[in-house]
Amino acid sequence: MRSHRCGSLRISDAGKTVRLGGWVHRTRDLGGLAFIDLRDRDGLVQVSCDPARAAGDTMAVVQGLTPETVILVEGEVVVRPPEGRNPELATGDVEVRATTVRVVGPATIPAIPVARNRGDKLAAEELRLKHRVLDLRRPELQANLLLRHRLLQCARQVMSAMGFLEIETPILTKPTPEGARDYLVPSRVHPGEFYALPQSPQIYKQLLMVAGYDRYFQIARCFRDEDLRADRQPEFTQIDLEASFVSQDDVQQVVESVLVALWQEAGHTIARPFPHLKWREAMERFGIDKPDLRFDIEISDLTPQVADDAAPFVRDAIVAGGRVRALRVPNAAEASRKEIDGYAALAKDAGAGGLMWAKRTDAGWEGQGTKALGAELLAAVGGAPGELLLAVVGRDTVTSPALHAVRSAVTRRPGMTPTREHAFCWVVDFPLFELDPESGTHVPAHHPFTSPHHDDFGFLESEPGRVRAQHYDAVYNGNELGSGSIRITNPVLQATIFRLLGIPEEEQARRFGFLLDGLAAGAPPHGGFALGFDRIAMLLAGATSLRDVLAFPKTTAARALFEGAPTTVKPADLAALHLTTTD
RNA sequence: GGGGCUGUAGCUCAGCUGGUUAGAGUGCCGGACUGUCACUCCGGAGGUCGCGGGUUCGAGCCCCGUCAGCCCCGCCA
């Protein structure tokens, strides 16, 4: 039906007779003469309709067109006169002189505009989600989904080239009482029994290693029934991979290859290898396990400089096991009181008692923090004129999140420019366990199959909090792109971990039996990784929400406004599934 | 589960201290117009002020509740 796409026509096509199909973006009817901006996924082209050339009732058809109607156009590509060109359009040097125009898909007046005027805002997101087909016609979203397609193809090609096999795993799986809440699917043939949708293919991919598939990957859909955010959807896509006979470094090489290729596909050149940062170091220097390394500013420890002239609450906090930690922001002493109060509010929201601040002027240190921190400390710090010092006192569990929040805000202030555009890093040596504040017991920081660090086996019993995991995160500009680990394949070690976590044998068998049996059947050492693909697509598309890189996303209440899911079902359908509802 | 913001014409928004018939831009409909490209000009239609209750002589505006969307905290092995 078509000979070309609208958006593809160029001056080199002049003279050709073309057949186009597309959506009426806008029309300009000048009376005897009319113009149509015709749109398809490649872009816009102007169609001119002139009674001298148009056949039959074509002029009448054109003058009756409404926006978003689908038409077929036949005509000749002609070069526009120099004064008639439109430099804002990729096709602006040419237009199509129509001989016939046929309506093939009449359209109701769109509920939300697809063609927008300069400066027009987008319709409310609720409406954009409800009328998703219209919103998806917008060139911006079409560009995002095109990029997403290219990234997916790129990932497949790179993984495949490295010898990884794409193997699909079940969507109907066994509920895992660990981790996030499962989406459950009732069984019709087994009354009272349920499948779960996978939170990730974790166990299956380990079993594939046991089964000898060596190198596996999957563009895997995952499901978690938890509350949502701008960067979190109930169903999401991972680039999931696992490999046998590998070290932590081997896995990281593979992941770096994928990330370099994806960024390349989006037009960015990034350098390898990515720098490594130990978890403890990341927390010390940035207060967070996913630091934004585009900015050089770091947290420093001022505790050794605290002297007797510091305020009592500062000295008391140090005696109680706290530290004074601070950000030293160059060229920020001109910050207004309002701006600093904003930082203080962030620190308090993160749990700090308050924020101490001082400005280094030519005359010396000034500001509220000079009393609290004491003159001796500030003298020892020295500092360059123009420096703004922002300090927090307390335990690391308080000062780290507080200073991370302040640092994030400070890096967004107008004068701050990133020292690099793409800051990747590996964060390694995470703790294997973390303390559950409610029960006071050790819980796995990730999943219970993550192998401890070889050097720390000795501390498993004596100091579990000190044991490092062979777990690693890929971090980009302050975003966690994914995480992975080397898995436990030694049954004795696995039993020890379960015992430390207080999981009795009977429960181990019930919950993880099919994995444990698998590992007992001859398991190669293995490890893997999972990249959050939606988030990567979002970052590379320059979008601020996952909803802008998904064709049919859910709202923050996990509703699909377009199709209207979830929904009630007929009592008979519930009965067939042996279900009753309670409210 | 908790906090914040928003909800007025198809869309984007204004609406004063609670007071006559709720406005603008755009879109839509009708008319004019042969080189426009956010065409222009003339005319017209279009409202459950999210929903429910309350206060008041009187509520788009105040109060209570509720629904929806967005952002954040908790949560997300």
Side-chain angles (χ1 to χ4, degrees), chain A residues 25-38 44-54 59 63-64 66-68 78 80-81 83-89 91-92 95 97 108-131 134-135 176-182 199-200 202-203 222-234 236 346 349-351 401 405 430 432-434 436-438 443-450 469 471 480 483 485 497 501 503 511-512 530 532 544-545 547 553-559 561:
Chain A
H25 191 69
R26 237 193 289 268
T27 56
R28 287 174 295 281
D29 180 1
L30 273 52
L33 178 70
F35 298 94
I36 305 165
D37 287 341
L38 191 62
L44 287 179
V45 70
Q46 172 165 283
V47 176
S48 67
C49 307
D50 177 342
R53 287 182 185 76
M59 282 315 289
Q63 289 174 332
T66 57
E68 299 309 310
V78 299
R80 300 201 206 178
E83 69 280 7
R85 298 187 181 181
N86 184 345
E88 289 179 22
L89 230 47
T91 60
E95 66 178 10
R97 290 209 175 136
T108 50
I109 298 298
I112 58 172
V114 177
R116 289 186 300 145
N117 293 332
R118 249 191 299 281
D120 278 3
K121 290 185 184 174
L122 288 178
E125 185 146 25
E126 184 175 357
L127 297 169
R128 292 176 43 208
L129 292 172
K130 192 171 173 185
H131 306 287
L134 295 175
D135 203 39
T176 53
E178 202 73 34
R181 275 185 287 269
D182 286 320
Q199 296 181 25
S200 81
Q202 181 63 35
I203 291 177
C222 306
F223 306 86
R224 293 179 193 171
D225 187 4
E226 295 292 346
D227 291 340
L228 308 176
R229 293 284 188 281
D231 63 349
R232 215 192 290 164
Q233 282 272 309
F236 58 97
L346 289 172
D349 286 348
F430 279 74
L432 184 64
F433 302 106
E434 49 191 36
D436 181 7
E438 283 171 30
V443 296
H446 299 282
H447 58 67
F449 315 114
T450 301
H471 176 102
E480 182 195 322
S483 65
S485 65
I497 299 287
L501 294 171
I503 303 174
R511 285 166 61 174
F512 309 116
T544 53
S545 164
R547 293 181 295 272
K554 306 280 191 289
T555 68
T556 48
R559 279 193 180 280
L561 297 183

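Naming convention: chains lettered A, B, ... in sequence-line order (proteins, then strands); numbering from 1 in each chain.
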Participant: Applying a 3.5 Å limit to both distances, which nucleotide forms a Watson-Crick or G-U wobble pair with C70(B)?
Facilitator: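 Looking at the geometry, C70(B) pairs with G4(B).
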Participant: Students often get this wrong, so: under 4.0 angstrom with heavy atoms, is R116(A) touching a base, only sugar-phosphate, or nothing?
Facilitator: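 No contact at all - R116(A) keeps every heavy atom at 4.0 Å or more from the nucleic acid.
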Participant: Quick check: on RNA chain B, is the nucleotide nearest F35(A) upstream (toward 5') of the one nearest A230(A), or the reverse? Name the residue that is more 5'.
Facilitator: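 Result of the comparison: F35(A).
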Participant: What is the base-pairing partner of G10(B), counting Watson-Crick and G-U wobble geometry with both distances under 3.5 Å?
Facilitator: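 The base-pairing partner of G10(B), which may sit in any strand shown, is U26(B).
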Participant: Taking atom P in both C63(B) and U6(B), what distance in whole Å separates the two?
Facilitator: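 Result for the P pair: 13 Å, nearest Å.
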Participant: When you compare G43(B) with U55(B), how far apart are their P atoms, in angstrom units rounded to a whole number?
Facilitator: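 G43(B) and U55(B) have their P atoms separated by 47 Å.
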Participant: With the side chain of R229(A) defined as its heavy atoms from C-beta on, choose the nearest nucleotide among G35(B), G74(B), A38(B).
Facilitator: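 Of all the options, the side chain of R229(A) is nearest to G74(B).
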Participant: Which atom pair, heavy atoms only, marks the closest approach of H471(A) to S483(A)?
Facilitator: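 Looking at all heavy atoms of both residues, the shortest contact is NE2-CB, 3.7 Å.
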Participant: Heavy atoms under 4.0 Å, any strand shown: does L89(A) hit a base, just sugar-phosphate, or nothing?
Facilitator: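 Nothing: the residue L89(A), judged by heavy atoms under 4.0 Å, touches no strand.
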Participant: Quantified in whole Å, what is the P atom distance between nucleotide G7(B) and nucleotide U12(B)?
Facilitator: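 Here G7(B) and U12(B) have their P atoms 11 Å from each other.
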Participant: Taking atom P in both U17(B) and G1(B), compute the distance separating them and give it to the nearest angstrom.
Facilitator: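 Taking atom P in both U17(B) and G1(B), they lie 37 Å apart.
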Participant: Ignoring hydrogens, what is the shortest heavy-atom contact between A405(A) and L346(A)? Give both atom names and the distance.
Facilitator: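 So the two residues come closest at O-CD1, 3.9 Å.
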Participant: Is there a donor N/O on one and an acceptor N/O on the other, under 3.5 Å, for the side chain of R232(A) and the base of C76(B)?
Facilitator: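 Side chain to base: pair present.
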Participant: Applying a 4.0 Å non-hydrogen cut-off, can you work out what A445(A) is touching in the nucleic acid: base, sugar-phosphate, or nothing?
Facilitator: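 A445(A): backbone/sugar contact only, no base atoms under 4.0 Å.
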Participant: Hunt down the Watson-Crick or G-U wobble partner of A38(B), both distances under 3.5 Å, from any strand shown, or write none.
Facilitator: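 Paired with A38(B), as far as the under-3.5 Å criterion goes, is no nucleotide at all.
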Participant: Name the nucleic acid region contacted by D29(A), choosing base, sugar-phosphate or nothing; use a 4.0 angstrom heavy-atom cut-off, strictly under.
Facilitator: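 Contact class for D29(A): base.
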Participant: Tell me the interatomic distance from L127(A), atom CG, to C70(B), atom C1', rounded to whole angstroms.
Facilitator: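 The answer, rounded to whole Å, is 13 Å.
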Participant: Could you grab the distance from atom CZ of R97(A) to atom CD of Q46(A), nearest 0.5 Å is fine?
Facilitator: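 Taking CZ in R97(A) and CD in Q46(A), the distance rounds to 10.5 Å.
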Participant: Report the distance from atom NZ of K130(A) to atom P of G7(B), rounded to the nearest whole Å.
Facilitator: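 Rounded to whole Å, this separation is 18 Å.
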Participant: Measure from CG on D349(A) to P on C73(B) and round the result to the nearest Å.
Facilitator: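 Answer to the nearest Å: 10 Å.
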Participant: Does K121(A) place a side-chain N or O at less than 4.0 Å from the phosphate oxygens OP1/OP2 of C11(B)?
Facilitator: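 For C11(B), OP1/OP2 do not have a side-chain N/O of K121(A) under 4.0 Å.
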Participant: Checking base pairs now: Watson-Crick or wobble, both atom distances under 3.5 Å. What partners G65(B)?
Facilitator: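 G65(B) is paired, partner C51(B).
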Participant: For A52(A) and P113(A), find the nucleotide of RNA chain B closest to each by heavy atoms; which residue's nucleotide sits nearer the 5' end?
Facilitator: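 Result: P113(A).
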Participant: Do R128(A) side-chain and C70(B) base share a donor-acceptor contact under 3.5 Å?
Facilitator: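 Counting by modelled atom types and ignoring angles, no donor-acceptor contact under 3.5 Å is found here.
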Participant: What's the verdict on salt bridge (Lys or Arg N to Asp or Glu O under 4.0 Å) for R232(A) and D227(A), showing C-alpha distance, side-chain angles and the deciding distance?
Facilitator: CA-CA 8 Å; R232(A) 215 192 290 164; D227(A) 291 340; over 6 Å; no
Participant: Could you state the CD-P distance from E126(A) to G50(B), rounded to the nearest angstrom?
Facilitator: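 Taking CD of E126(A) and P of G50(B), I get 13 Å after rounding.
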Participant: Within the 4.5 Å heavy-atom criterion, are S485(A) and H447(A) side-chain neighbours or not?
Facilitator: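 Heavy-atom side-chain distance check passes, below 4.5 Å.
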Participant: Using only side-chain N and O atoms of T556(A), determine if any of them is under 4.0 Å from OP1 or OP2 of G69(B).
Facilitator: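 No, no such contact exists.
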Participant: Among G69(B), U12(B), C75(B), find the nucleotide with the atom closest to the side chain of R181(A).
Facilitator: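 Of G69(B), U12(B), C75(B), C75(B) is nearest to the side chain of R181(A).
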Participant: Could you tell me the separation between the CD atom of E95(A) and the P atom of G35(B), rounded to a whole number of Å?
Facilitator: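 Going from CD in E95(A) over to P in G35(B) covers 13 Å.
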Participant: Can you tell me how far C1' in A22(B) sits from the matching atom in A14(B), rounded to whole Å?
Facilitator: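 Between the two C1' atoms, the distance is 11 Å.
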Participant: Could you tell me whether S200(A) contacts a base, only the sugar-phosphate backbone, or nothing, with contacts defined as non-hydrogen atoms closer than 4.0 Å?
Facilitator: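 Result for S200(A) = base.
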Participant: If I pick the C1' atom on G35(B) and the same atom on G47(B), what distance separates them, to the nearest angstrom?
Facilitator: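 About 40 Å, rounded to a whole number of Å.
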Participant: For the side chain of N117(A), starting at C-beta, report the closest nucleotide among C70(B), U26(B), G35(B).
Facilitator: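 Within the option list, the nearest is U26(B).
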Participant: Looking at the side chain of R80(A), which of G35(B), C37(B), G69(B) is the nearest nucleotide?
Facilitator: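 Out of G35(B), C37(B), G69(B), the nucleotide with an atom closest to R80(A)'s side chain is C37(B).
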Participant: Which heavy atom in G92(A) sits nearest to a heavy atom in R80(A), and how many Å separate them?
Facilitator: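 G92(A) and R80(A) have their closest heavy atoms at O-NE, 3.4 Å.
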Participant: For C49(A) and L33(A), work out which heavy atoms get closest and say how close.
Facilitator: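 Answer, listing the atom of C49(A) first, then L33(A): O-CD1, 3.4 Å.
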Participant: Let's test this: given Watson-Crick or G-U wobble pairing with both distances under 3.5 Å, identify the partner of U20(B).
Facilitator: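 For U20(B), the partner nucleotide comes out as none, under the 3.5 Å rule.
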Participant: Would you kindly check whether a donor in the side chain of E226(A) faces an acceptor in the base of G74(B), or vice versa, at under 3.5 angstrom?
Facilitator: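 It does not, because no donor-acceptor pair links the side chain of E226(A) to the base of G74(B) below 3.5 Å.
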Participant: With heavy atoms under 4.0 Å as the rule, sort D227(A) into base, sugar-phosphate or nothing.
Facilitator: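 The residue D227(A) makes base contact.
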Participant: If the P atom of C61(B) is compared with that of G53(B), how far apart are they to the nearest Å?
Facilitator: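 14 Å, rounded to whole Å.
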Participant: If I take atom CZ in residue F223(A) and atom P in nucleotide C76(B), what distance separates them, rounded to the nearest angstrom?
Facilitator: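 The answer, rounded to whole Å, is 20 Å.
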Participant: Please determine whether any donor N or O and acceptor N or O are separated by less than 3.5 Å between the side chain of D50(A) and the base of G35(B).
Facilitator: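 No, no donor-acceptor pair under 3.5 Å.
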Participant: Checking contacts here: which listed nucleotide (C28(B), U12(B), C76(B)) is nearest the side-chain heavy atoms of P67(A)?
Facilitator: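 Out of C28(B), U12(B), C76(B), the nucleotide with an atom closest to P67(A)'s side chain is C28(B).
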Participant: G50(B) and A9(B): how far apart are their P atoms, nearest whole angstrom?
Facilitator: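 8 Å, rounded to whole Å.
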Participant: Rounded off to whole Å, could you give me the CZ-to-P distance for the R53(A) and U34(B) pair?
Facilitator: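 It works out to 16 Å between those atoms.
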Participant: Taking only Lys NZ, Arg NE, NH1 and NH2, and the carboxylate oxygens of Asp or Glu, determine whether D135(A) and K130(A) approach each other closer than 4.0 Å.
Facilitator: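 The answer is no: the pair does not qualify as a salt bridge.
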Participant: Could you report the tightest heavy-atom contact between F449(A) and F512(A), atom names first, then the distance?
Facilitator: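 Closest approach of F449(A) to F512(A), heavy atoms only: CZ-CD2, 3.5 Å.
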Participant: Looking at C71(B), U34(B), U36(B), which one has an atom nearest to any side-chain atom of P51(A)?
Facilitator: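 Selected nucleotide (nearest to the side chain): U34(B).
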Participant: Show your working on side-chain contact (heavy atoms from CB on, under 4.5 Å) between R26(A) and N117(A) and close with a plain yes or no.
Facilitator: CA-CA 11 Å; R26(A) 237 193 289 268; N117(A) 293 332; 3.0 Å; yes
Participant: Without decimals, in angstroms, what is the distance between Q63(A) CD and G31(B) C1'?
Facilitator: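 Rounding to the nearest Å, CD of Q63(A) and C1' of G31(B) are 13 Å apart.
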Participant: Indicate, with a heavy-atom threshold strictly under 4.0 Å, whether A557(A) touches base, sugar-phosphate, or nothing.
Facilitator: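 The answer is sugar-phosphate, as A557(A) gets under 4.0 Å only of primed atoms, P, OP1 or OP2.
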Participant: Could you check which of G10(B), G35(B), G69(B) has an atom nearest any side-chain atom of R559(A)?
Facilitator: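 Of the options given, the side chain of R559(A) lies nearest G69(B).
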Participant: Is there a side-chain polar atom (N or O) of R28(A) under 4.0 Å from OP1 or OP2 of C39(B)?
Facilitator: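 Yes, R28(A) has a side-chain N/O under 4.0 Å of OP1/OP2 on C39(B).
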Participant: Name the nucleic acid region contacted by E83(A), choosing base, sugar-phosphate or nothing; use a 4.0 angstrom heavy-atom cut-off, strictly under.
Facilitator: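 If one applies the 4.0 Å heavy-atom cut-off, E83(A) turns out to touch nothing in the nucleic acid.
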Participant: Looking at G69(B), C71(B), C76(B), which one has an atom nearest to any side-chain atom of L129(A)?
Facilitator: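 Comparing G69(B), C71(B), C76(B) against the side chain of L129(A), the answer is G69(B).
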Participant: Indicate, with a heavy-atom threshold strictly under 4.0 Å, whether E125(A) touches base, sugar-phosphate, or nothing.
Facilitator: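 If one applies the 4.0 Å heavy-atom cut-off, E125(A) turns out to touch the sugar-phosphate alone, with no base involved.
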